[in-house]
S.K.: 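Mind looking over this structure? Questions follow.
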Amino acid sequence: MTEAAPVTGVDQFTEVHDRHFPEVYRYIAGRLGAQAAEDVAAETFLVAFDRRGKFDPARGDLRAWLFGIATNLVSRHRRKEARHYRALSRLDPREAAEGHENRVVDAVAAARVGKALARLSAGERDVLLLVALGDLGYAEVAEALGISPGTVGSRLNRARKKLTLVLSQEASDE
């Protein structure tokens, strides 16, 4: 099946699911965690199946369309995601039991990344995570979010600058 063909039949959609589910799941898992990713990834393909007749290959790539649906569903969980990042930023790695070096390293890394991601705008976070976790290119991110590739570039640039600043400040505070 080509990416440009409309997806109308159940057999065609099964092929779409089998081909794209792993990468959509990885993207969502990176945003929401593995437990939530199961439900949201399944919901992504349920929504796509329900809307398969509305997919227009002339408007863009099937993969980007699926990631757009996934991103919209992740947005529904944004408050929960933001609370999660704020909670990670409050972790005190010194509270971890001595002798559990890996847990301490993981807690420090999670706290730093969580604090940095919490400081990004929703748009910056979406672009950054679609590129980093979804492995989408600028054009695909633009299609998925309904924005221009130039906006993708500027949001990604701002996100990288903010992350670099926050993470370097964290490192110098040690």
Side-chain angles (χ1 to χ4, degrees), residues 1-7 13 16-17 19-34 36-52 54-86 88-89 109-110 112-171:
M1 179 173 100
T2 65
E3 290 287 316
V7 181
F13 195 81
V16 167
H17 177 274
R19 182 185 309 164
H20 296 288
F21 185 86
E23 61 188 347
V24 169
Y25 171 83
R26 274 192 307 274
Y27 165 67
I28 295 169
R31 296 290 306 266
L32 300 175
E38 286 290 332
D39 293 337
V40 175
E43 188 177 358
T44 297
F45 284 90
L46 179 62
V47 168
F49 182 78
D50 288 344
R51 297 181 185 166
R52 70 190 182 279
K54 296 179 183 179
F55 172 69
D56 181 3
R59 293 188 61 212
D61 181 63
L62 178 62
R63 181 174 181 256
W65 182 67
L66 290 169
F67 274 94
I69 292 169
T71 299
N72 288 335
L73 292 173
V74 166
S75 293
R76 290 183 185 174
H77 297 274
R78 192 168 310 282
R79 280 189 218 127
K80 182 178 178 182
E81 179 184 45
R83 283 193 306 268
H84 175 73
Y85 291 145
R86 285 192 299 272
L88 286 175
S89 71
R112 285 183 178 160
V113 170
K115 185 175 184 178
L117 288 173
R119 292 193 180 173
L120 298 179
S121 72
E124 292 164 346
R125 197 167 35 245
D126 284 343
V127 167
L128 177 73
L129 296 174
L130 278 168
V131 170
L133 300 176
D135 198 28
L136 272 65
Y138 282 35
E140 290 176 306
V141 172
E143 282 181 45
L145 299 178
I147 59 178
S148 73
T151 301
V152 171
S154 63
R155 286 183 185 177
L156 187 58
N157 188 41
R158 281 194 310 271
R160 287 176 175 160
K161 285 180 181 178
K162 287 180 183 179
L163 288 176
T164 300
L165 179 65
V166 171
L167 294 174
S168 65
Q169 286 174 345
E170 288 286 320

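Not measured: the values here are computed from a predicted model.
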S.K.: Check Leu120 against Arg125 and note the closest heavy-atom contact, atom names and distance.
M.R.: O-NH1, 3.1 Å

S.K.: Check the side chains of Ser154 and Thr151 for a donor-acceptor pair under 3.5 angstrom, ignoring hydrogens and angles.
M.R.: no

S.K.: Report yes if some heavy atom in the side chain of Phe67 is under 4.5 Å from a heavy atom in the side chain of His20; otherwise report no.
M.R.: no

S.K.: To the nearest 0.5 angstrom, please state how far the CZ atom of Arg59 sits from the CH2 atom of Trp65.
M.R.: 11.0 Å

S.K.: Search all heavy atoms of Ala142 against all heavy atoms of Ser148 and return the closest pair with its distance.
M.R.: CB-C, 3.8 Å

S.K.: Can you tell me if Glu143 uses its side chain to pair, donor with acceptor, with the backbone of Asp61 under 3.5 Å?
M.R.: yes

S.K.: Which of these, Asp126, Leu129, Leu130, sits in a side chain to side chain contact (heavy atoms under 4.5 Å, CB included) with Val141?
M.R.: Leu130

S.K.: Is there side-chain contact between Arg63 and Arg19, with heavy atoms separated by less than 4.5 Å?
M.R.: no

S.K.: Do Phe45 and Val24 make a side-chain contact, defined as non-hydrogen atoms from C-beta onward lying under 4.5 Å apart?
M.R.: yes

S.K.: Could you give the distance from CG (Leu32) to CG (Asp39), rounded to the nearest 0.5 Å?
M.R.: 10.0 Å

S.K.: Checking side chain to side chain contact (heavy atoms under 4.5 Å, CB included) between Val47 and each of Ile69, Asn72, Leu66, which is the one that passes?
M.R.: Ile69

S.K.: Mind checking salt bridge (charged side-chain N to carboxylate O under 4.0 Å, His left out) for Glu38 and listing every partner two or more places apart, or none if nothing turns up?
M.R.: none

S.K.: Is any side-chain heavy atom of Leu136 less than 4.5 Å from a side-chain heavy atom of Tyr27?
M.R.: no

S.K.: Checking side chain to side chain donor-acceptor pair (under 3.5 Å) between Glu124 and each of Lys161, Arg155, Arg158, which is the one that passes?
M.R.: Arg158

S.K.: Looking at Phe49, I'd like to know if the NZ or CZ of Arg52 sits under 6.0 Å from its six-membered ring centre while staying within 45 degrees of the ring's axis.
M.R.: yes

S.K.: Leu133 versus Leu128: any side-chain heavy-atom pair under 4.5 Å?
M.R.: no

S.K.: So which atom in Val127 and which in Val152 form the shortest heavy-atom distance, rounded to 0.1 Å?
M.R.: CG1-O, 3.6 Å

S.K.: Using a distance-only test with no angle check, is there a side-chain donor-acceptor pair under 3.5 angstrom linking Thr44 and Tyr25?
M.R.: no

S.K.: Looking only at non-hydrogen atoms, find the nearest pair between Ala42 and Phe21 and report the distance.
M.R.: N-CE1, 4.2 Å

S.K.: Within the 4.5 Å heavy-atom criterion, are Arg76 and Glu43 side-chain neighbours or not?
M.R.: yes

